[in-house]
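Worth saying up front: this structure is predicted, and the values here are computed from it rather than measured.
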Amino acid sequence: MGRDTIANIITSIRNADMNRKGTVRIVSTNITENIVKILLREGFIENARKHQERNKNFLVLTLRHRRNRNGPCRNTLYLKRISRPGLRIYSNYQRIPRILGGMGIAILSTSRGIMTDREARLEGIGGEILCYIW
């Protein structure tokens, strides 16, 4: 895996969802813990717990179950990395995009921590757009 931890967790969650896995294990850092808290609060994942193995901390995420498991493999969870180490994308609070007219969320890194697009608009602060989830 590369050094972009946000892209790593997004890819891990996306791959587990496509392969119909129930759980995902990701490396625990402050940024990933904050993103997982947002995913848990917004209802994109079902459960998250910490796990320690040989002095390394991991987060074990339980993904939401799909109702139609016999049909073709269709993603119910779409994640897209926006700002990356080679190209940072910043936005003020007035120009934060609305994902699917408010159905999805954008996760931002602001001066007051990592938060969703709705919270950033309410507080009137902008920041770096990390990813979109719908």
Side-chain angles (χ1 to χ4, degrees):
M1 295 233 172
R3 298 192 185 273
D4 189 7
T5 57
I6 299 169
N8 289 344
I9 66 165
I10 287 174
T11 303
S12 298
I13 294 171
R14 185 185 312 120
N15 288 342
D17 189 49
M18 283 180 6
N19 291 325
R20 298 178 181 175
K21 301 283 184 189
T23 60
V24 181
R25 189 178 84 162
I26 58 173
V27 178
S28 176
T29 62
N30 288 335
I31 294 173
T32 57
E33 285 182 15
N34 290 330
I35 291 174
V36 166
K37 284 178 188 175
I38 290 174
L39 291 175
L40 192 60
R41 188 175 61 225
E42 295 290 326
F44 289 108
I45 60 175
E46 200 170 299
N47 191 9
R49 61 180 160 72
K50 277 193 174 184
H51 177 69
Q52 186 171 2
E53 192 175 296
R54 293 190 199 139
N55 297 332
K56 287 191 176 183
N57 291 325
F58 294 99
L59 290 171
V60 179
L61 310 178
T62 305
L63 300 177
R64 287 234 178 254
H65 297 289
R66 290 184 263 188
R67 292 191 179 115
N68 186 9
R69 288 192 168 263
N70 296 332
C73 184
R74 296 180 62 187
N75 288 353
T76 57
L77 186 61
Y78 293 94
L79 300 118
K80 185 177 181 184
R81 177 81 158 118
I82 301 302
S83 183
R84 51 192 173 88
L87 180 64
R88 303 288 186 186
I89 307 293
Y90 296 96
S91 177
N92 61 8
Y93 77 97
Q94 297 154 336
R95 294 187 181 201
I96 297 173
R98 296 186 193 278
I99 312 305
L100 292 179
M103 296 292 289
I105 62 169
I107 296 180
L108 282 82
S109 175
T110 66
S111 60
R112 296 185 192 157
I114 295 178
M115 59 180 63
T116 64
D117 55 342
R118 289 181 221 121
E119 295 168 349
R121 276 191 213 96
L122 285 175
E123 294 196 22
I125 55 176
E128 179 183 357
I129 301 174
L130 299 178
C131 59
Y132 296 156
I133 302 168
W134 69 95

Is there a donor-acceptor pair closer than 3.5 Å between any side-chain N or O of S28 and the backbone N or O of F58?
no

Closest non-hydrogen contact found for L108 with G127 is CD2-N, 4.0 Å

In this structure, SG of C131 is separated from CD1 of I38 (nearest 0.5 Å) by 8.5 Å

Looking at CZ of F44 and OH of Y78, how far apart are the two atoms once the value is rounded to the nearest 0.5 Å?
12.5 Å

Check: L59 main-chain N/O paired with R49 side-chain donor or acceptor under 3.5 Å
no

In sequence, state the C-alpha distance, the side-chain angles, and the governing distance for L61 and V36, and then conclude on side chain to side chain contact (heavy atoms under 4.5 Å, CB included).
CA-CA 8 Å; L61 310 178; V36 166; 3.5 Å; yes

Looking only at heavy atoms, the pair that brings I125 and Y93 closest together is O-CB, 3.4 Å

Locate the shortest heavy-atom distance separating A120 from I96; write the atom from each residue and the value.
CB-CD1, 3.8 Å

Which heavy atom in D117 sits nearest to a heavy atom in G104, and how many Å separate them?
OD2-O, 4.5 Å

Of the non-hydrogen atoms in E46 and L40, which two are nearest, and what is the gap between them?
O-CD1, 3.5 Å

Qualifying salt bridge (charged side-chain N to carboxylate O under 4.0 Å, His left out) pairs, either residue in residues 23-43, two or more places apart:
R25-E53, E33-K50, R41-E119, E42-R118

Passes salt bridge (charged side-chain N to carboxylate O under 4.0 Å, His left out), D17 versus R64? Steps please.
CA-CA 9 Å; D17 189 49; R64 287 234 178 254; over 6 Å; no

Taking it one step at a time, do T62 and I45 satisfy side chain to side chain contact (heavy atoms under 4.5 Å, CB included)?
CA-CA 6 Å; T62 305; I45 60 175; over 6 Å; no

Testing I107, I13, I10, I35 one by one against I133 for a side chain to side chain contact (heavy atoms under 4.5 Å, CB included), which residue passes?
I107

Got a sec, which residues hit salt bridge (charged side-chain N to carboxylate O under 4.0 Å, His left out) with R112, two or more places apart in sequence or on another chain?
E123

Check whether any side-chain N or O of T32 sits under 3.5 Å from a backbone N or O of T29 as a donor-acceptor pair, and report yes or no.
yes

For the CD1 atom of I26 and the CD1 atom of I6, what is their distance to the nearest 0.5 Å?
11.0 Å

Over all heavy atoms of both residues, which pair between G113 and T110 is shortest? Give the atoms and the distance, please.
O-OG1, 2.6 Å

Side chains of S109 and E128: donor-acceptor distance under 3.5 Å anywhere?
no

T11 OG1 to N8 CG distance, which is reported to the nearest 0.5 Å
6.5 Å

Using the rule that two of Ile, Leu, Val, Met, Phe, Trp, Tyr join whenever any of their side-chain heavy atoms come within less than 4.5 Å, decide whether V60 and I31 are in one cluster.
no

Identify which one of L100, I82, I105 satisfies the side chain to side chain contact (heavy atoms under 4.5 Å, CB included) criterion when paired with Y132.
I82

Could you tell me whether the side chain of R81 reaches within less than 4.5 Å of the side chain of L130, counting heavy atoms only?
yes

